[in-house]
Amino acid sequence: MDPGNYTGISEFLLLGLSEEPELQPIIFGLFLFMYLITVFGNLLIILTVNSDSHLHTPMYFFLSNLSFSDICFTSTTIPKMLWNIQTQSKVITYEGCLSQMYFFTLFVGLDNFLLTVMAYDRFVAICHPLNYTIIMNSWLCGLLVLVSWFLSVLHSTLQTSMVLRLSFCRVLKIPHFFCELKQMIQLACSDTFLNNMAMYFAVMLLAVVPFAGIIYSYCKIISSIYGISSAQGKYKAFSTCASHLSVVFLFYCTSLGVYLSSAANHGSHSSVVASVMYTVAMPMLNPFIYSLRNKDVKEALVRFSGREGLKGPIVLGMKNCAESPRT
């Protein structure tokens, strides 16, 4: 380590999207609006799915879990960013930075696994419709979500533990609006070879492999759809997958694109701005994509909005999880 290195770091500086004072009110207003839309939109999806018996199916059970993950996903980064703009401060404590990195890594991983599980659900529903209720039973639905949580927590814990062994320099400016794993590793003054290897191995294993599984599932789905004789049947089958495919495209193209491009251009401001797509814009767009393109959800939203109030506790239950989704 260089003489200027320091291991007892107490805080970092988040530089944000822009350091121009006149842009701060605009950024604050825009991100506050996007955050509120994300929270209320995804919360509405969760309440609608759990209050409407027509949506107590595996597809919507996974969707409600994805909405919950998206709320937590954005809540790990945006509130702190808004607080720093409001207080005109860029400081985040070392413990706060590690916590933010831990939960961000956890929920981005959970999103990744849930999208993969949803692709498998569509694959079974379209390619094996007669066995759908047998395969996608309540036990398997719960197990798939539980495994997704377990792998996400395990990965996030491993990556955060490896960051704890790093030493950092005295001047710690993070060219981002939140503490990201890659940015933290790049700021370290000690040897980061093991951290980089673990990070890129995790990207290959936990992102590329599930993405390949999603591509394989949709190749099989498209092949099955082409085998349907009626044009109306083809349209109904594809319409159940269009929303999920749109979300998959947004998530993987933006997140992998930003991650891979930042490897060649450290601290690039353009990559920081582009990361807004998968950290803020995608969770905000998910409720609109699933509700506007899904007849069942739109009908359920109408029924939900017409009620005077919800009866009973709100939980991510699995009542009638084995029922086949309407197509």
Side-chain angles (χ1 to χ4, degrees), residues 13-49 63-92 96-97 99-101 103-108 110-111 114-115 174-180 183 243-244 246-255 257-258 268-294 297-298 300-302 304-305 310 314:
L13 295 179
L14 293 172
L15 300 185
L17 294 174
S18 174
E19 297 187 65
E20 299 294 332
E22 60 272 13
L23 293 179
Q24 299 308 307
I26 299 175
I27 295 175
F28 179 87
L30 178 62
F31 275 78
L32 177 61
F33 173 78
M34 295 173 72
Y35 178 66
L36 293 177
I37 293 296
T38 300
V39 172
F40 288 121
N42 282 287
L43 185 60
L44 184 60
I45 291 291
I46 295 173
L47 296 176
T48 302
V49 168
L63 174 59
S64 64
N65 278 273
L66 180 67
S67 294
F68 174 75
S69 177
D70 282 341
I71 292 174
C72 298
F73 185 26
T74 54
S75 296
T76 62
T77 59
I78 304 304
K80 178 58 179 176
M81 175 188 180
L82 296 176
W83 174 260
N84 281 1
I85 294 176
Q86 184 66 23
T87 59
Q88 297 183 352
S89 170
K90 299 181 183 297
V91 174
I92 182 171
C97 198
S99 299
Q100 191 178 69
M101 184 192 69
F103 286 108
F104 177 83
T105 305
L106 189 158
F107 288 113
V108 74
L110 185 59
D111 265 21
L114 288 175
L115 289 174
I174 300 177
H176 217 305
F177 62 92
F178 65 94
C179 295
E180 188 187 25
Q183 298 285 347
S243 299
H244 178 254
S246 302
V247 173
V248 168
F249 177 81
L250 283 173
F251 179 79
Y252 281 100
C253 287
T254 54
S255 59
V258 168
S268 171
H269 181 72
S270 60
S271 67
V272 173
V273 175
S275 67
V276 174
M277 280 301 298
Y278 81 94
T279 58
V280 184
M282 194 207 72
M284 180 187 70
L285 293 175
N286 278 357
F288 295 98
I289 293 174
Y290 281 107
S291 61
L292 294 178
R293 295 189 59 87
N294 193 300
V297 175
K298 285 190 289 187
L301 284 171
V302 172
F304 178 78
S305 62
L310 292 176
I314 300 168

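All residue numbers refer to positions in the sequence shown, counting from 1. These numbers come from the heavy atoms of this one structure, side chains and all, not from hydrogens, waters or symmetry mates.
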Novice: Considering non-hydrogen atoms only, spot the tightest contact between Thr74 and Thr279 and give its length.
Specialist: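 That would be CG2-O, 3.3 Å.
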
Novice: Answer yes or no: is there a side-chain heavy-atom contact under 4.5 Å between Val248 and Phe251?
Specialist: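 No, every pair of side-chain atoms sits at 4.5 Å or beyond.
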
Novice: Is there side-chain contact between Leu44 and Pro287, with heavy atoms separated by less than 4.5 Å?
Specialist: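 Not touching, per the 4.5 Å side-chain cut-off.
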
Novice: Can you tell me how far apart CG (Asn65) and CG (Asp111) are? Round to the nearest 0.5 Å.
Specialist: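 One finds 11.0 Å between CG of Asn65 and CG of Asp111.
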
Novice: State the CZ-CD1 distance between Phe107 and Ile71, to the nearest 0.5 angstrom.
Specialist: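 The distance works out to 10.5 Å.
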
Novice: First locate atom OG1 of Thr77, then atom NZ of Lys80, and finally report the distance between them rounded to the nearest 0.5 Å.
Specialist: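 If I round to the nearest 0.5 Å, the distance is 12.5 Å.
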
Novice: Please enumerate all residues that pass side chain to side chain donor-acceptor pair (under 3.5 Å) together with Ser67, with sequence neighbours excluded.
Specialist: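 With sequence neighbours excluded, Ser67 shows a side chain to side chain donor-acceptor pair (under 3.5 Å) to Asn42, given in chain and number order.
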
Novice: Would you give the length of the straight line joining atom CZ of Phe68 to atom CD1 of Ile45, rounded to the nearest 0.5 angstrom?
Specialist: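 Here the rounded value is 15.5 Å.
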
Novice: Side chains of Asn84 and Val91: does their closest heavy-atom pair fall under 4.5 Å?
Specialist: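 Answer no - side chains too far apart.
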
Novice: Do you know which two heavy atoms are closest between Met81 and Leu17, and how far apart they sit?
Specialist: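 It is CE-CD1, 3.9 Å.
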
Novice: Return the NZ to CG distance between Lys90 and Leu15, rounded to the nearest 0.5 Å.
Specialist: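 Answer for the NZ-CG pair, Lys90 versus Leu15, is 6.0 Å.
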
Novice: Counting C-beta onward and ignoring hydrogens, is there a side-chain heavy-atom pair between Ile78 and Phe178 closer than 4.5 Å?
Specialist: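 No - every pair of side-chain heavy atoms lies 4.5 Å or more apart.
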
Novice: Heavy atoms only: give me the nearest Phe73-Pro283 pair and the separation to one decimal.
Specialist: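 Closest approach of Phe73 to Pro283: CD2-CG, 3.8 Å.
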
Novice: Please name the pair of heavy atoms, one in Ser64 and one in Ile46, separated by the smallest distance, quoted to 0.1 Å.
Specialist: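 Scanning both residues completely, I find the closest heavy atoms to be O-CG1, 3.6 Å.
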
Novice: Please check if the side chain of Thr105 supplies one atom and the backbone of Met101 the other of a donor-acceptor pair under 3.5 Å.
Specialist: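 At least one qualifying donor-acceptor pair exists.
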
Novice: For residues Met282 and Val247, report the shortest heavy-atom separation together with the two atoms involved.
Specialist: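 Taking every non-hydrogen atom into account, SD-O, 4.2 Å.
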
Novice: Do any N or O atoms from the side chain of Gln183 and from the backbone of Ile174 form a donor-acceptor pair under 3.5 angstrom?
Specialist: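 Side chain of Gln183 to backbone of Ile174: no pair is present.
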
Novice: What distance do Leu110 atom CG and Asp70 atom CG have between them, rounded to the nearest 0.5 Å?
Specialist: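 That separation rounds to 9.0 Å.
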
Novice: Got a list of side-chain donor-acceptor pairs under 3.5 Å for residues 22-39, not counting sequence neighbours?
Specialist:
| from | atom 1 | to | atom 2 | distance (Å) |
| --- | --- | --- | --- | --- |
| Gln24 | NE2 | Ser18 | O | 2.7 |
| Gln24 | NE2 | Glu20 | O | 3.1 |
| Tyr35 | OH | Ser75 | OG | 2.9 |
| Thr38 | OG1 | Met34 | O | 2.7 |

